[in-house]
Amino acid sequence: MLAVARMTRRDLLILAASCALLGLALFRLLSPSGLPTRRISVEAIEIKSQPIKSGESATQEASWTPPDDVFVVGWAPDVGAPEALPELHLLSGSTSIFSIRPGPGGQSSPPAFFPAGIGFLVARGEALRLQLRVINTGPEGETGGARALIYFHPVAWR
C-alpha cells in the first residue's frame, strides 16, 4: 500500500522559514559588500647621483606625468647622502605636496600618507617633480641622488 504523508501547518511554517533563511544567505553571499575600494598604484621617480665640489650647491629634478587624473595619497622618499643635509620636495607646479629635510647622519623619512579620504589632485598632463637640493659643506663627492615612490589612485568622477 502507498502511504501518503500529510504536512501539518507546523511543517509548512518550518519549510517556509528555512527557504527564507536560505534565500537571505544566498543574497548576502552574492551581493557586493561595503563601499567600493580603489586600488593604489605606485610610480617611482629617481634622481641620479652627480659629482659635487666642496662648498658648491646643486639642485636636481626628475619628473613623472600621470596618464590620467590621479589623487596622490602618499610617498616613500629615500635620499642618497643624508649627511649632506639635502632637501627633497615632491612638487606639483609651485605647490610642495611633500618635503623632507633629514638631519646629519639621519635616515630617510618613513613613508608619509594623507589621512584617509584625502589626496592631492594632479590633472592629466601635469607633471609631478621630485626636486633635490644639496649644499656640500664637506670634501668633493657625490650628491647621492634621491628616489621616491609615489602612491596614487585614479580619479573616479561620478
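From Glu43, atom CD reaches atom CD1 of Ile150 across 8.5 Å, with rounding to the nearest 0.5 Å. Note: Gln131 CD to Ser99 OG = 9.0 Å, rounded to the nearest 0.5 Å. One finds the OG atom of Ser96 at 7.5 Å from the CG atom of Leu90 (value rounded to the nearest 0.5 Å). For the atom pair Thr143 OG1 and Ile135 CD1, the distance stands at 13.5 Å (nearest 0.5 Å). Atom CG of residue Leu132 and atom NZ of residue Lys48 lie 13.5 Å apart, to the nearest 0.5 angstrom. Residue Ile14 holds its CD1 atom at 7.5 Å from OG1 of Thr8, rounded to the nearest 0.5 Å.
Nearest heavy atom pair, residue Ile52 against residue Ala58, reads CD1-CB, 3.9 Å. Listed here is the closest heavy atom pair of Ser63 and Arg129: CB-CG, 4.1 Å. Between Ile45 and Ala62, the shortest heavy-atom contact is CG2-CB, 3.6 Å. Taking both residues in full, the closest heavy atoms of Pro66 and Ala123 are given as CG-O, 4.2 Å, listed atom of the first, atom of the second, then distance. The minimum heavy-atom distance linking Ser49 with Gly144 is given by the pair OG-N, 3.0 Å. In terms of heavy atoms, Leu130 sits closest to Arg147 at CD2-C, 4.2 Å.
Residues Leu128 and Ile97 meet the side-chain proximity criterion, which asks for heavy atoms closer than 4.5 Å. Two residues are said to be in side-chain contact when any heavy atoms from C-beta on lie closer than 4.5 Å; Glu142 and Pro51 meet this criterion. Between Leu88 and Trp75 the shortest side-chain heavy-atom distance falls below 4.5 Å. Between Val72 and Phe98, some side-chain heavy-atom pair lies under the 4.5 Å cut-off.
A 6.0 Å sphere centred on CG of Leu149 holds more than 12 heavy atoms belonging to other residues, nucleotides or ligands.
Ring centers of Phe114 and Tyr151: at least 6.0 Å apart, outside the cut-off.
Residues Trp64 and Val79 fall within the same hydrophobic cluster, defined by Ile, Leu, Val, Met, Phe, Trp and Tyr side chains chained together at heavy-atom separations under 4.5 Å.
In this structure, the side-chain hydrogen bond (donor to acceptor under 3.5 Å, both in side chains) partners of Ser92, at least two apart in sequence or on a different chain, are Glu126. Residues passing the side chain to side chain contact (heavy atoms under 4.5 Å, CB included) test with Asp68, sequence neighbours excluded: Arg124.
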Step by step, would you call Asn136 with Lys53 a side chain to side chain contact (heavy atoms under 4.5 Å, CB included)? CA-CA 7 Å; Asn136 187 6; Lys53 295 181 180 180; 5.8 Å; no

Phe152 vs Val122, test: side chain to side chain contact (heavy atoms under 4.5 Å, CB included). Steps then yes/no. CA-CA 10 Å; Phe152 64 96; Val122 179; over 6 Å; no

